[in-house]
Amino acid sequence: MQQPLTEGVYYILLALYEPRHGYGIMQIVEEWSDGRVKLGAGTTYGALKNLQEKKFIETLAGEGRKKEYVITSLGKQIVEAEVTRIKELYNNGRKIIKAEGDL
Amino acid sequence: MQQPLTEGVYYILLALYEPRHGYGIMQIVEEWSDGRVKLGAGTTYGALKNLQEKKFIETLAGEGRKKEYVITSLGKQIVEAEVTRIKELYNNGRKIIKAEGDL
Amino acid sequence: MRKFKIFMDDAKEEQWINDMASQGWHFKSFNFPLYSFDKGEPAEYEYRTEMLEGFGYGKAANEYLDFVQSTGIEVVQKRFNWVYFRQHKSKGNFELYSDQSSKLSYINRIFTIYSTLAVLNLIAAIINGSVLLLDESLRFNSFIAGLNTGVFIALLYPLAKTVYRKQNLKREIAMYEK
Amino acid sequence: MRKFKIFMDDAKEEQWINDMASQGWHFKSFNFPLYSFDKGEPAEYEYRTEMLEGFGYGKAANEYLDFVQSTGIEVVQKRFNWVYFRQHKSKGNFELYSDQSSKLSYINRIFTIYSTLAVLNLIAAIINGSVLLLDESLRFNSFIAGLNTGVFIALLYPLAKTVYRKQNLKREIAMYEK
């Protein structure tokens, strides 16, 4: 059973469909969300650690500040299942709100 | 700034666009999510308490087991902002996954 | 049927009651230290135990139990703040808490109770033990110090299990929403 | 400029450093009990303090600090496991932890340290105090018992504040995902 991902983890995984370093992830997520999601450095660091442990992402060559991360195929499966879940939430929400608007 | 709602709280709020009692909420959420989201009785009870405190829902006449809940206009604002947020997540996810599929 | 059994770990007690149920022995009541069972169909019910908030009495506890029962769950026995629930298997999988954050807040409730008891016993053991260091004739303090130490040590096991469950859940919660 | 100041509460210290910064005094270092500031533009920087895991040394701590610095945050001072960070205001709002669950795990880290210190001091105070009850000539124990009791009482304040922050966050986390 797919568990809902937090918003931060979801966006970090999406960002890593291309290899990026930590700061690059924080910047692209802020851009994609139009400034809404500003990941903290501590939060991003902790999430990257967790995602590596779960083998959803892996590191490419590079040391320290230049370390780059990329999503694994297991990570991609998780993201795809999550998009399906989000679609379900979106469709149900739109349906109910729209029905309300018609009254 | 809108904070992401948990899946359970989101579905409980959607369910209360019509007045329902506790068990009615649990049943409709299971139906809408095609059996994926089965809310526990303890979880539902705790969420209803919290949502009442925040004034996102209110109780209608009725005592004990027959107590019915319904969403407030504040609750509706929260749900609408949440649907907007979920749409952003969905669109970004679909875009990235699709780009990947084209490779 | 009656069985003599003492559990230090609430998760193990729940597991054992469900194992008995899968063999057709349905939990009826627990009166320390005896568990009573009724004979029935194997695997007919799923059981869950819960520690209620506070002492398990008052309006809040009644309201909660009423709510749980309104969803088709039976209260088999309630002793102070300790409740045995069951639900017929035909109604599907039975969990009181379906997401990580409500599971965590429930485990925190158990943790608070165990750790308060442990700290109180440790303090009592130290006071009685320290007094003994200087005057060995105090037999009564010796007995109490031993008793407190024993209870403290006995509590370390459920406490360690609870901490372990907390840590696991927290690791999950950092990544998953529920 | 130097200022003499002692804080019992990490949130208040951070607030005070940011208040000084908004008046153009930028925190440079803290060497117990003196804070040093440089004169600069008012409200140029935002400051954050953090308690690192463990003792603040070793590979994990260095890796973390390196990561934080790679995002454009400066380490102003590091003393054991206590770090002062700052970021230029032109880079926008500065938070190390942006969601509720990572904020909670950080607060739990602080709570563990404060509560361990408090329990150790309480136990030491009780042992020394109990010994005193039976033999009042033990001056040294009397001093130590007093010292432990003082430290224990002093720790109750940050501990209570930490518990309060934990409770607030947990209430939020039950409803909001982050």
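No hydrogens, no waters, no symmetry mates; every other heavy atom, side chains included, goes into these values. So that the names make sense, note that chain A is the first sequence line, chain B the second, and so on, each numbered from 1.
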Next on the checklist: How about NZ on D:K39, more than 12 heavy atoms from neighbouring residues, nucleotides or ligands closer than 6.0 Å, or not?
Outcome noted: yes
Checklist entry - To the nearest 0.5 Å, how far apart are OG1 in A:T44 and CG in D:L96? => result 10.0 Å
Checklist outcome for this item: Cut-off 4.5 Å, heavy atoms of chain A, and the answer for D:E63 is both
Checklist entry - So does D:K91 have more than 12 non-hydrogen atoms from other groups sitting under 6.0 Å from NZ? => result yes
Next on the checklist: Check this for me: D:K166, atom NZ, are more than 12 non-hydrogen atoms of other residues, nucleotides or ligands nearer than 6.0 Å?
Outcome noted: yes
Next on the checklist: Could you check whether atom NZ of A:K95 has more than 12 heavy atoms from other residues, nucleotides or ligands sitting under 6.0 Å from it?
Outcome noted: yes
Checklist entry - Tell me, do A:K67 and D:F67 make a side-chain contact under 4.5 Å, heavy atoms counted? => result no
Checklist entry - To the nearest 0.5 Å, how far apart are OH in A:Y45 and OG1 in D:T71? => result 12.5 Å
Checklist entry - Nearest heavy-atom pair of D:S98 and A:G40: which atoms, and what distance? => result OG-N, 2.9 Å
Checklist entry - Heavy-atom count around D:R79 CZ within 6.0 Å, excluding the residue itself: above 12? => result yes
